Amino acid sequence: MPNSRIVQLAQMIATRTSVLDEHIQNNNLSQPAFEPGSPTEPIQQTTPEIEKARTDVIEAAIELRQLLEGPVRLLLPESNFSPLAAIYNFKVASFVPLGCSISFVELADKCGLSEHDLGRIIRYVAAHHRVFCEPEKGYVAHTAASKLLSENKMIEHLMGLTFAECWPAHSRVIDAIARKSEEPNISGYAFANGTSLNTFDFLSHHPERAHRFAGAMSSTSQASLDALSNYFGWAGLEAGTTVVDLGGGQGHVSVHLARTFTHLHFVVQDMAAVVDGMGEKIPEDVQDRVKITAHDMFTKQPIKGAGVYLLRYILHDWPDKYCVEVLRHLTAAMKKGAKVVVQDHLLPEPGTLPLLQEMQIRSMDAIMLSLFNSREREVDDWQNLFNQADGRFGGFRATRVKENPSTGIIVAEWTGE
Ligand SMILES: C[S@@+](CC[C@H](N)C(=O)[O-])C[C@H]1O[C@@H](n2cnc3c(N)ncnc32)[C@H](O)[C@@H]1O
């Protein structure tokens with residue numbers, strides 16, 4: 001009798017986990033664990049083969065769990081993130097000492113919460129997320145996850161983005177899509193914040209939130225920056241070529257490219273509220289080649305004749321007609337042969353990517369909807385944007401990043417004079 005699906009999945013989990021364990025043992029690495037002090041990266045010194053084994057196990061484990069929990073659970077998944085949001089909001093992790101525990105009473109006092117509420121929140125996140133543990137009744141200690149939150153500003157920014165910005169927006173997206181609008185200020189985010197402004201204009205009036213947003217954006221992975229370096233011919237650009245990094249935030253992408261391609265110059269452009277005071281923070285080794293300036297990309301491009309206009313994770317924040325406007329503002333500044341280089345998500349044909357990657361890209365598309373009333377795009381959608389913007393954009397090509405196929409590098413060349 002052939003094995004049932006659940007046995008096949010269990011066997012796949014067993015064989016592929018052995019591959020991971022062998023890698024850990026052979027390289028004298030730490031085993032993944034929940035205790036503080038265990039590695040932040042669950043599998044270290046990873047290779048593409050090891051990463052594949054890891055995702056195979058996770059995908060099989062998801063399917064097995066879904067099969068065993070049954071369809072009711074699929075319709076009613078755990079969806080209350082308020083306890084995690086409270087941990088972020090009341091800075092609970094920062095008050096828990098490293099290396100020992102603290103009583104609910106004392107911790108509640110430090111966080112400004114009632115002991116009763118703090119206790120139930122701690123017990124919820126410990127059970128659901130392995131954030132904190134209760135080594136003895138009424139006492140809290142760190143786990144690997146809560147310790148990471150207490151020590152890592154980037155993780156704090158990302159939790160802020162998730163729980164203070166995205167989560168309220170998700171809860172109002174139904175009201176927004178009922179309007180069938182293509183305006184960026186008719187979004188779950190705008191409804192949640194009671195504003196008639198689009199998300200970025202709203203953030204520019206709330207500098208602390210804008211700073212947190214920019215901080216979360218700068219958490220981009222090394223792999224993603226490497227993809228940008230490797231999938232476009234930066235090395236072949238003439239020495240002294242200027243690259244304009246539109247919506248470049250605090251300059252982290254230009255700094256990375258400037259270090260890799262020492263013959264290029266960079267001008268980072270972003271909203272005044274984002275770039276304010278950032279010039280001095282550009283690392284010394286690239287300060288002469290990376291300039292940060294305030295510029296609104298919905299106005300005429302002031303840097304004429306640059307070799308490349310880079311739009312990294314910009315256009316997915318905007319509905320089509322706004323993307324077309326951004327591209328049109330570039331055309332008057334572009335010289336023949338100049339390129340627009342886009343790094344962004346590239347929607348796959350449904351069901352063609354492995355489950356985890358499909359889940360990741362669909363989640364990102366849903367976030368774009370909630371935050372900006374915008375969308376991720378398929379290859380044809382990207383080509384249409386350039387065609388709509390100006391018939392003189394030619395040489396369109398979209399290349400999927402092999403190491404992360406839900407993203408791509410999209411290039412169009414200006415053929416006008
Ligand atoms: C998703 S972030 C991408 C940041 C950066 N390019 C990266 O790859 O990490 C979008 C950026 O667009 C910027 N932005 C939004 N509206 C803008 C505008 N009108 N003009 C210039 N930049 C803008 C935001 O401030 C933010 O830094």
Side-chain angles (χ1 to χ4, degrees), residues 154 157-158 161-162 165-166 169 183-185 187 189-190 197-229 231-232 243-258 266-278 281 290 292-303 308-319 321-330 333 340-345 364-365 367-377 401 404 407-410:
M154 193 84 86
H157 284 324
L158 284 167
L161 180 65
T162 302
E165 307 292 358
C166 295
E183 292 303 318
N185 64 340
S187 64
Y189 190 86
L197 297 175
N198 72 50
T199 303
F200 286 111
D201 284 345
F202 176 82
L203 283 172
S204 70
H205 289 89
H206 297 82
E208 269 185 32
R209 287 170 71 174
H211 178 72
R212 179 175 62 194
F213 189 94
M217 288 305 108
S218 64
S219 70
T220 186
S221 71
Q222 186 60 39
S224 168
L225 291 173
D226 288 345
L228 179 60
S229 301
Y231 280 75
F232 178 71
V243 177
V244 179
D245 180 4
L246 285 103
Q250 299 173 341
H252 56 287
V253 176
S254 283
V255 167
H256 170 83
L257 289 174
F266 295 82
V267 179
V268 179
Q269 300 177 332
D270 210 296
M271 301 170 79
V274 173
V275 300
D276 215 18
M278 283 300 143
K281 297 200 175 146
V290 179
I292 298 220
T293 58
H295 170 65
D296 177 356
M297 64 191 176
F298 293 104
T299 62
K300 216 161 128 188
Q301 175 53 239
I303 308 286
V308 172
Y309 295 85
L310 171 65
L311 290 156
R312 183 174 183 273
Y313 293 110
I314 300 300
L315 297 180
H316 77 153
D317 294 340
W318 297 93
K321 79 174 177 192
Y322 289 82
C323 296
V324 166
E325 198 184 325
V326 168
L327 294 174
R328 282 191 183 147
H329 278 301
L330 297 180
V340 174
V341 176
V342 172
Q343 181 176 23
D344 219 312
H345 295 284
M364 194 49 78
D365 190 38
I367 290 174
M368 292 302 115
L369 176 63
S370 299
L371 287 187
F372 307 109
N373 194 24
S374 66
R375 51 193 288 237
E376 304 300 355
R377 296 180 170 88
V401 172
N404 182 6
T407 66
I409 303 293
I410 297 135

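Order of listing sets the numbers, starting from 1, for every ligand and every atom in it. Here the structure is a predicted model, which is why all the values come from computation and not from measurement.
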Enquirer: What protein heavy atom sits nearest atom 15 (C) of ligand 1, and how far away is it?
Expert: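 The answer is F200 CG, 3.3 Å.
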
Enquirer: Could you check if a side-chain atom of C166 sits within less than 4.5 angstrom of a side-chain atom of L371, using non-hydrogen atoms only?
Expert: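 When only atoms from C-beta onward are counted, L371 and C166 do touch, with a gap below 4.5 Å.
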
Enquirer: Among all protein heavy atoms, pick out the one at the shortest distance from atom 20 (N) of ligand 1; state its residue, atom name and that distance to 0.1 Å.
Expert: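 Looking at atom 20 (N) of ligand 1, the protein heavy atom closest to it is M297 N, 3.0 Å.
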
Enquirer: Contact between H295 and ligand 1, counting heavy atoms under 4.0 Å?
Expert: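 Distance cut 4.0 Å: H295 passes for ligand 1.
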
Enquirer: Can you sort out which atoms of ligand 1 are near D296, meaning under 4.0 Å from one of its heavy atoms?
Expert: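 Result: 18 (C), 19 (N), 20 (N).
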
Enquirer: Any heavy-atom pair between the side chains of L257 and L310 that's under 4.5 Å?
Expert: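 Yes. Closest side-chain heavy atoms under 4.5 Å.
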
Enquirer: Could you tell me whether some N/O pair between Y313 and ligand 1 is separated by less than 3.5 angstrom?
Expert: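 It does not: no N or O of Y313 is found under 3.5 Å from an N or O of ligand 1.
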
Enquirer: Could you say whether the N/O atoms of G247 and ligand 1 ever approach to under 3.5 Å?
Expert: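 Yes: some nitrogen or oxygen of G247 is under 3.5 Å from one in ligand 1.
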
Enquirer: In chain order, what residues pass the side-chain contact (heavy atoms from CB on, under 4.5 Å) check against A223, with sequence neighbours excluded?
Expert: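 By the side-chain contact (heavy atoms from CB on, under 4.5 Å) rule, A223 matches S221.
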
Enquirer: Which ligand 1 atoms, with their elements, are less than 4.0 angstrom from a heavy-atom of M217?
Expert: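 Ligand 1 atoms under the 4.0 Å threshold to M217: 1 (C), 2 (S), 9 (O).
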
Enquirer: Would you say K321 and E183 make side-chain contact, with heavy atoms under 4.5 Å?
Expert: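 Yes; the side chains approach each other to less than 4.5 Å.
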
Enquirer: Just heavy atoms, cut-off under 4.0 Å: does V274 contact ligand 1 by side chain, backbone, both, or neither?
Expert: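 Side chain only.
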
Enquirer: At a 4.0 Å threshold, what atoms of ligand 1 neighbour a non-hydrogen atom of F298?
Expert: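 The atoms of ligand 1 under 4.0 Å from a heavy atom of F298 are 19 (N).
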
Enquirer: For residues Y189 and F372, determine if any side-chain heavy atom of one lies less than 4.5 Å from a side-chain heavy atom of the other.
Expert: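 In short, these two side chains do not touch, never coming nearer than 4.5 Å.
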
Enquirer: Is any N or O atom of W318, backbone or side chain, closer than 3.5 Å to an N or O atom of ligand 1?
Expert: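 N/O-N/O distance under 3.5 Å: no.
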
Enquirer: Below 3.5 angstrom, do we get any N/O pair linking D317 and ligand 1?
Expert: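 No, no N or O pair falls under 3.5 Å.
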
Enquirer: Answer yes or no: is there a side-chain heavy-atom contact under 4.5 Å between Y309 and V341?
Expert: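 No - every pair of side-chain heavy atoms lies 4.5 Å or more apart.
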
Enquirer: For the pair Q343 (side chain) and S224 (backbone), establish whether a donor and an acceptor sit closer than 3.5 Å, ignoring hydrogens and angles.
Expert: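 Checking the backbone N and O of S224 against the side chain of Q343, a donor-acceptor pair under 3.5 Å is found.
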
Enquirer: Counting only heavy atoms, tell me which of H252, Q269, M271 gets closest to atom 16 (N) of ligand 1.
Expert: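 Closest candidate by heavy-atom distance is M271.
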
Enquirer: Can you check whether R312 has an N/O within less than 3.5 Å of an N/O in ligand 1?
Expert: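 For ligand 1, there is an N or O atom that lies under 3.5 Å from one belonging to R312.
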
Enquirer: So how far is it from D276 CG to S204 OG, rounded to the nearest 0.5 Å?
Expert: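 It is 12.0 Å, given to the nearest 0.5 Å.
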
Enquirer: Which one of I314, D270, L310 has a non-hydrogen atom at the shortest distance from atom 27 (O) of ligand 1?
Expert: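 Among I314, D270, L310, the closest heavy atom to atom 27 (O) of ligand 1 belongs to D270.
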
Enquirer: Side chain or backbone, does G248 bring an N or O within less than 3.5 Å of an N or O on ligand 1?
Expert: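 No.
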
Enquirer: Considering residues at least two apart in sequence or located in another chain, which fulfil the side-chain contact (heavy atoms from CB on, under 4.5 Å) criterion with T407?
Expert: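 Per chain and number, T407 pairs via side-chain contact (heavy atoms from CB on, under 4.5 Å) with Y313, H345, V401, N404.
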
Enquirer: Which atoms of ligand 1 have any heavy atom of G249 under 4.0 Å away?
Expert: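 Counting atoms of ligand 1 from 1, those under 4.0 Å from G249 are 27 (O).
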
Enquirer: Is M297 close to Q269 at the side-chain level, that is, under 4.5 Å between some pair of heavy atoms?
Expert: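 In short, these two side chains do not touch, never coming nearer than 4.5 Å.
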
